[in-house]
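Values below: all heavy atoms of this structure, side chains included; hydrogens, waters and symmetry mates excluded. All chains are named by letter (A, B, ...) in the order of the sequence lines, taking the proteins before the strands, and each is independently numbered beginning at 1.
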Protein chains: 2
Amino acid sequence: MTMDIKIVDVASRAGVSPATVSRVLNNTANVNAKTKEKVMEVIRELGYLPNAAAKNLRSQKTMTIGVIVPEINNSYYAEIIKGIENKAYAQKYKVIICDTGNNKEKELDFLNLLINRTVDSMILVTPQLSEEELARIVDMNYSIGIVGRYVGNGKVPCVFTDNVKFSKEVVRHLVERGHKEIVFLSGYADAIDSFERLEGYMKALREHHLPFLPELIENGDFNERGGYEAMKRLLDKKVSFSAVYAANDEMALGVYKACREFNIAIPGQIAVVGVDNDRISRYITPKLSTVSQPKIRMGRAIVDKILHQLEHDSLKEEDRVLVLESELIVRESSDIRL
Amino acid sequence: MTMDIKIVDVASRAGVSPATVSRVLNNTANVNAKTKEKVMEVIRELGYLPNAAAKNLRSQKTMTIGVIVPEINNSYYAEIIKGIENKAYAQKYKVIICDTGNNKEKELDFLNLLINRTVDSMILVTPQLSEEELARIVDMNYSIGIVGRYVGNGKVPCVFTDNVKFSKEVVRHLVERGHKEIVFLSGYADAIDSFERLEGYMKALREHHLPFLPELIENGDFNERGGYEAMKRLLDKKVSFSAVYAANDEMALGVYKACREFNIAIPGQIAVVGVDNDRISRYITPKLSTVSQPKIRMGRAIVDKILHQLEHDSLKEEDRVLVLESELIVRESSDIRL
DNA sequence: CTGCATTGAGAAATCGATTTCAAGCATTGT
DNA sequence: ACAATGCTTGAAATCGATTTCTCAATGCAG
């Protein structure tokens, strides 16, 4: 064990009381300039750093926020985390992470860090919890923030992109390229993102006076494999279609794989569009059209809101919800006139 | 503010002293079965969780480890973090992360969390710090672990793959395919990985009785752009070569880009091999030959060693260092006879 | 039935900071 | 010259758990 240096050590060496050292350290009251100088000198000399646990206990703050993501090794979440960490660090906060691996148990367990005061606030990225479950936490006056979905509760800051809006844009783009039979490849059927993207898809169809054909909807799981299998089921069904809108790039990769296997040309025979602007979308052949979301900015933004709320104990409703713009990036996989 | 439940609340409600509640909670001494049952019931009833700061302060432990990586949104580091987080969680530890963005200042600053006892241990992934700097920390009896490079100091657990060994394998593979003039694209010239990969490259040349030509070495920065520019410099120099061994996949992507621009066929005119088995390497055309490292396992392994050392206050030398096997994956970009 | 070991549980000390309370001293105004 | 005010500072309380110390009650052997 290291023999750590404590505030009393600094105090006695500087010939003052611990209270004074604390005052110098935190600039929390006037201290004679000379005394202050002496104390600071001793602090430097001994390389003193205040014990975190003691500080946390007394101040009832930890300067730490927790982040819960489904999968940390997925560029979408990794970038959001980067945004969160960078902003947090700039505000002197630390970040504890939890990779749930889509395990709701772990998500719930991790929320205990909020209750036992390990963290001051918790950011949930596309949580599995329902609105009611979130509400219960907030009602106990714990601070949480959500990334990736809208939350009705008037106290929960949230940051996300408008799934409905960009989905409509994707469909419009495909329609403009002459497509009339467009498949929608959903993610988890119960995920809010899937739902909203489907909603945008349907609204766009209506706006363009195209019929909604239920057989053109298939469920995946947001993973490559799910996209691959969904695509094979579609091909088996022998329904006719000329374009696929996959709820994310991962599933679009699955579509690519299936097409390669069945010798279907992209975009010659089938156009493909994904969502997320995963790095791979730019490198794969043909380059994948996709929707880019400002992931790092989303991370930074939620931290902003949470810390504002923590410090001011409130947030105006118009500041609570932030809808960030997403952008349709048309690349080779859909850029062809039918 | 929530009115948190404290141990005294549980105690009074159960008609016992806080000491007894603590004993029940931590199984640290005999408690009458009946009393114990009653206490546990009250704990469940009130949903009591012990305040973390108080616990940390008294027990001088935080059950938290810090992780410092250069870039969290880079699949290589993200996977290592995943391994760390998963293993840590299984052992009831939390993980605080730091994304330095290759900023040594931030790396040093973050190490203070070790000194102020925010974390029990710190894992550095390919740190910028020198052996001496690391030694200084360890000599003050702080616990650290290293991923991605060997450390001489007899107290620092480290986990890595043998750069020299797999570099020799890469060169052997290229030589077997008939290449004699092989470029080595280094990462940061001062990074340990660059150095060791270069060493392996040189040793392999010697073993195969090939001359070492300094003009075939170029420096990059481990990023795509660096690889791209290095490749252009090489082409400018008009030296002759038929293969490129890039110190990581990122730089190999840069090589791809340069080749596309100059209409050089891969692998027809130039073979390319990278390192890391980045997800993209499998999706890009032509598929990139690369070296895969067991990233998640590396993360899990370092946590194992650190916690063992924390608990037993020692580690046998043979347990301190772990060299994991890497695997050369030959794909299209190099799989052709010259 | 006495003496000694064992079990069970409370009172109080402790971890290392911050903050309140009170007081000493100097300065200013009348 | 004396009260009032402001500036510094230290002593002690506090945050909420864990752990040591102590002692009462019980069990068991002789």
Side-chain angles (χ1 to χ4, degrees), chain A residues 1-40 42-43 46-64 112-120, chain B residues 1-40 42-43 46-64 112-120:
Chain A
M1 299 291 133
T2 320
M3 190 47 212
D4 306 73
I5 292 138
K6 293 172 290 190
I7 198 169
V8 289
D9 302 327
V10 175
S12 70
R13 175 101 172 226
V16 299
S17 76
T20 298
V21 176
S22 172
R23 287 190 265 255
V24 170
L25 226 37
N26 303 294
N27 246 309
T28 178
N30 291 351
V31 175
N32 180 287
K34 209 144 199 154
T35 317
K36 187 183 227 165
E37 186 47 53
K38 175 66 183 166
V39 170
M40 294 204 296
V42 174
I43 288 175
L46 301 183
Y48 168 72
L49 284 180
N51 178 289
K55 193 163 186 162
N56 295 345
L57 175 58
R58 182 62 232 232
S59 66
Q60 306 281 42
K61 279 191 298 180
T62 61
M63 301 300 279
T64 304
N112 284 335
L113 297 187
L114 206 45
I115 297 167
N116 76 17
R117 303 288 170 186
T118 296
V119 299
D120 295 338
Chain B
M1 298 290 134
T2 319
M3 189 47 211
D4 305 74
I5 291 138
K6 293 172 290 191
I7 197 169
V8 290
D9 302 326
V10 175
S12 69
R13 175 100 172 228
V16 299
S17 75
T20 298
V21 176
S22 172
R23 286 190 266 254
V24 170
L25 226 37
N26 303 294
N27 245 310
T28 179
N30 292 349
V31 175
N32 180 288
K34 209 141 200 156
T35 318
K36 187 183 226 166
E37 187 46 54
K38 174 68 182 165
V39 169
M40 294 206 294
V42 173
I43 287 175
L46 302 184
Y48 167 72
L49 284 181
N51 178 289
K55 193 163 187 161
N56 294 346
L57 175 58
R58 182 61 231 233
S59 66
Q60 306 281 42
K61 281 191 296 181
T62 62
M63 302 300 279
T64 304
N112 285 335
L113 297 188
L114 206 45
I115 297 166
N116 75 18
R117 303 287 170 187
T118 295
V119 299
D120 295 337

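Of the inter-residue distances, the one linking B/Asp9 atom CG with B/Leu46 atom CG reads 7.5 Å to the nearest 0.5 angstrom. Distance check, rounded to the nearest 0.5 Å: CG of A/Asn51 to CG of A/Asp4 gives 7.5 Å. Here B/Ile5 contributes atom CD1 and B/Arg13 contributes atom CZ; the two are 9.0 Å apart, rounded to the nearest 0.5 Å. Taken to the nearest 0.5 Å, the CZ atom of A/Arg117 stands 14.5 Å off from the CG atom of B/Asn56.
With sequence neighbours excluded, no residue satisfies side-chain contact (heavy atoms from CB on, under 4.5 Å) with A/Ser12. Partners of B/Leu49 according to the side-chain contact (heavy atoms from CB on, under 4.5 Å) rule, which considers only residues two or more places apart in sequence or in another chain, are A/Asn112, A/Ile115, A/Asn116. In this structure, B/Arg23 has no salt bridge (charged side-chain N to carboxylate O under 4.0 Å, His left out) partners at least two apart in sequence or on a different chain. Residues satisfying the side-chain contact (heavy atoms from CB on, under 4.5 Å) criterion with A/Ala14, sequence neighbours excluded, are A/Val16, A/Lys38, A/Val39, A/Val42. Under the rule for a side-chain contact (heavy atoms from CB on, under 4.5 Å), the partners of B/Met40 that lie at least two apart in sequence or sit in another chain are B/Val24, B/Lys36, B/Glu37, B/Arg44. When the side chain to side chain donor-acceptor pair (under 3.5 Å) test is applied to B/Thr62, the partners found at least two apart in sequence or on another chain are B/Asp120. The salt bridge (charged side-chain N to carboxylate O under 4.0 Å, His left out) search around B/Arg58 returns none, not counting sequence neighbours.
A/Pro18 places none of its side-chain heavy atoms less than 4.5 Å from the side chain of A/Val21.
In this structure, the helix from C/dC1-D/dG30 to C/dT30-D/dA1 shows an angle of 40° between the axis at its start and the axis at its end, each fitted on 5 base pairs and rounded to 10°.
What you find for B/Leu25 and B/Pro50 is that their closest heavy atoms are CD2-CG, 3.9 Å. Of all non-hydrogen atoms in B/Ala11 and B/Ser17, the two that sit nearest each other are CB-C, 3.7 Å. In plain terms, the two heavy atoms of A/Thr64 and A/Thr118 that are nearest each other are CB-O, 3.9 Å.
Near-neighbour residues of DNA chain D inside residues 18-28 of chain B, defined by a heavy atom below 4.0 Å, number-ordered: B/Ala19, B/Ser22, B/Arg23, B/Asn26.
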Report, one pair per line, the protein and nucleotides 5-7 of chain C atoms (nitrogen or oxygen only) whose separation is under 3.5 Å.
none

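A nucleotide of DNA chain D counts as in contact with chain A when one of its atoms lies under 4.0 Å from a heavy atom; the first and last such, 5' to 3', are D/dT8 to D/dG16.
For A/Gln60 and C/dT19, the CD to P distance is 11 Å, given to the nearest whole Å.
The nearest heavy atom of DNA chain D to A/Ala29 and to B/Lys6 marks one nucleotide each, and the one closer to the 5' end goes with A/Ala29. Between B/Lys36 and B/Ala54, the residue anchored nearer the 5' end of DNA chain C, judged by the nucleotide with its closest heavy atom, is B/Lys36.
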Checklist entry - Reading nucleotides 23-28 of chain C 5' to 3', which nucleotides get B (base under 4.0 Å from a protein heavy atom), which S (sugar-phosphate only), which -? => result ------
